[in-house]
> 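Handing you a structure now.
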Amino acid sequence: MIFCCGGYHTPFRTVFLMPDFLYRDRKLEVAICPACKALIAELVQYNVKTEKYETYRPKRKKTAKFIKDVENGKWQEIKIKYGTKERAGFIYGVNREFKNGKIYQYAVNFNGETKLVKVINQ
């Protein structure tokens, strides 16, 4: 069941995907919302590490391309990031690395992505 426009809708197509080393019970559900007539896709998979089900819904403009990529076998590249999208811009902590007489300072956001902030020469 896929939620859109205040109600749950039955998918007209369900694609079962092969398990990955990190995910199992993977399936892609595709439906058309009767209210707004939009194509809706939802990827549901069970995360082995956290032992929870995770869902991913692409934006409306990218739904058709997402379905095409999953059906063509690019489903292994689709990973769900942990963390929330609204907190992705916040940076916490500065990790330092000493290498070859230089200090490398890194920052990490809540999605686990690292970014080089600055390099200091000694």
Side-chain angles (χ1 to χ4, degrees):
M1 301 299 280
I2 301 175
F3 184 82
C4 184
C5 295
Y8 287 95
H9 308 293
T10 306
F12 67 87
R13 181 169 43 171
T14 302
V15 180
F16 292 97
L17 304 171
M18 295 293 293
D20 197 355
F21 69 95
L22 186 59
Y23 298 105
R24 64 179 177 144
D25 298 336
R26 299 171 53 124
K27 66 180 176 178
L28 174 72
E29 296 178 336
V30 182
I32 295 178
C33 179
C36 64
K37 307 294 186 215
L39 183 66
I40 309 163
E42 187 173 76
L43 178 66
V44 180
Q45 50 194 4
Y46 181 78
N47 192 335
V48 177
K49 287 185 178 179
T50 61
E51 297 180 356
K52 294 180 181 177
Y53 278 95
E54 298 176 351
T55 60
Y56 174 74
R57 286 184 64 178
K59 296 186 178 184
R60 289 187 183 215
K61 292 182 180 179
K62 297 182 180 182
T63 303
K65 184 181 182 312
F66 177 76
I67 294 169
K68 183 179 173 186
D69 287 346
V70 170
E71 289 178 346
N72 286 339
K74 294 184 181 178
W75 57 271
Q76 292 178 342
E77 300 170 7
I78 300 168
K79 302 290 182 195
I80 297 175
K81 292 183 179 179
Y82 64 92
T84 58
K85 296 290 182 183
E86 66 262 5
R87 297 182 72 185
F90 292 102
I91 295 173
Y92 68 92
V94 176
N95 302 322
R96 295 184 181 169
E97 179 180 302
F98 299 99
K99 199 187 274 186
N100 298 331
K102 296 180 182 178
I103 300 173
Y104 295 91
Q105 293 182 342
Y106 294 95
V108 181
N109 66 5
F110 285 102
N111 282 340
E113 299 169 351
T114 59
K115 182 172 87 173
L116 180 65
V117 177
K118 117 169 90 161
V119 178
I120 302 171
N121 295 326
Q122 286 184 340

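Reckoned from all heavy atoms, side chains included, excluding hydrogens, waters and symmetry mates. These figures come from a predicted structure and were not determined experimentally.
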> Nearest 0.5 Å, please: how far is OH in Tyr46 from NZ in Lys52?
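Lys52 NZ to Tyr46 OH: 10.5 Å, rounded to 0.5 Å.
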
> Got a sec, which pairs hit salt bridge (charged side-chain N to carboxylate O under 4.0 Å, His left out) with one end in residues 29-45, sequence neighbours left out?
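Applying salt bridge (charged side-chain N to carboxylate O under 4.0 Å, His left out) to every pair that reaches into residues 29-45, excluding sequence neighbours, yields Lys27-Glu29.
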
> How close do Ala31 and Pro11 get, heavy atom to heavy atom, and via which atoms?
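Shortest heavy-atom separation between Ala31 and Pro11 comes out as CB-CA, 3.8 Å.
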
> Would you find more than 12 non-hydrogen atoms of other residues, nucleotides or ligands less than 6.0 Å from Asn100 atom CG?
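Open.
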
> Over all heavy atoms of both residues, which pair between Leu39 and Val30 is shortest? Give the atoms and the distance, please.
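What the structure gives for the nearest pair is CD1-CG1, 3.8 Å.
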
> Identify the two heavy atoms, one from Glu51 and one from Val48, that lie closest to each other, and give their separation to 0.1 Å.
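Reported closest heavy-atom pair: CG-O, 3.5 Å.
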
> Identify the two heavy atoms, one from Leu116 and one from Gln105, that lie closest to each other, and give their separation to 0.1 Å.
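Scanning both residues completely, I find the closest heavy atoms to be CD1-O, 3.5 Å.
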
> Quick check for you: to the nearest 0.5 Å, what is the distance between Thr50 atom OG1 and Leu22 atom CG?
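Answer rounded to 0.5 Å: 8.0 Å.
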
> How far does CG of Leu43 sit from OH of Tyr23, to the nearest 0.5 angstrom?
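Here the rounded value is 9.0 Å.
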
> Show your working on side chain to side chain contact (heavy atoms under 4.5 Å, CB included) between Met1 and Thr10 and close with a plain yes or no.
CA-CA 5 Å; Met1 301 299 280; Thr10 306; 3.9 Å; yes

> Verify the cluster assignment for Leu28 and Tyr56: are they in a single hydrophobic cluster under the rule of side-chain heavy atoms below 4.5 Å apart?
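In one cluster: yes.
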
> Taking atom NZ of Lys102 and atom CD1 of Ile120, what is their separation to the nearest 0.5 Å?
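With rounding to 0.5 Å, NZ (Lys102) is 12.0 Å from CD1 (Ile120).
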
> Please name the pair of heavy atoms, one in Ile40 and one in Thr63, separated by the smallest distance, quoted to 0.1 Å.
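Ile40 and Thr63 have their closest heavy atoms at C-CG2, 4.1 Å.
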
> Rounded to the nearest 0.5 Å, what separation is found between the CZ atom of Arg26 and the OH atom of Tyr53?
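Reported value, rounded in 0.5 Å steps: 13.0 Å.
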
> Calculate, to the nearest 0.5 Å, the distance between atoms CD1 and CZ belonging to Ile2 and Phe12 respectively.
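Here the rounded value is 9.0 Å.
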
> Is the number of heavy atoms from other residues, nucleotides or ligands under 6.0 Å of Tyr8 OH greater than 12?
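No, not enclosed.
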
> If we ignore hydrogens and angles and just use 3.5 Å, is the side chain of His9 paired with the main-chain N or O of Cys4 as donor and acceptor?
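Checked: pair present.
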
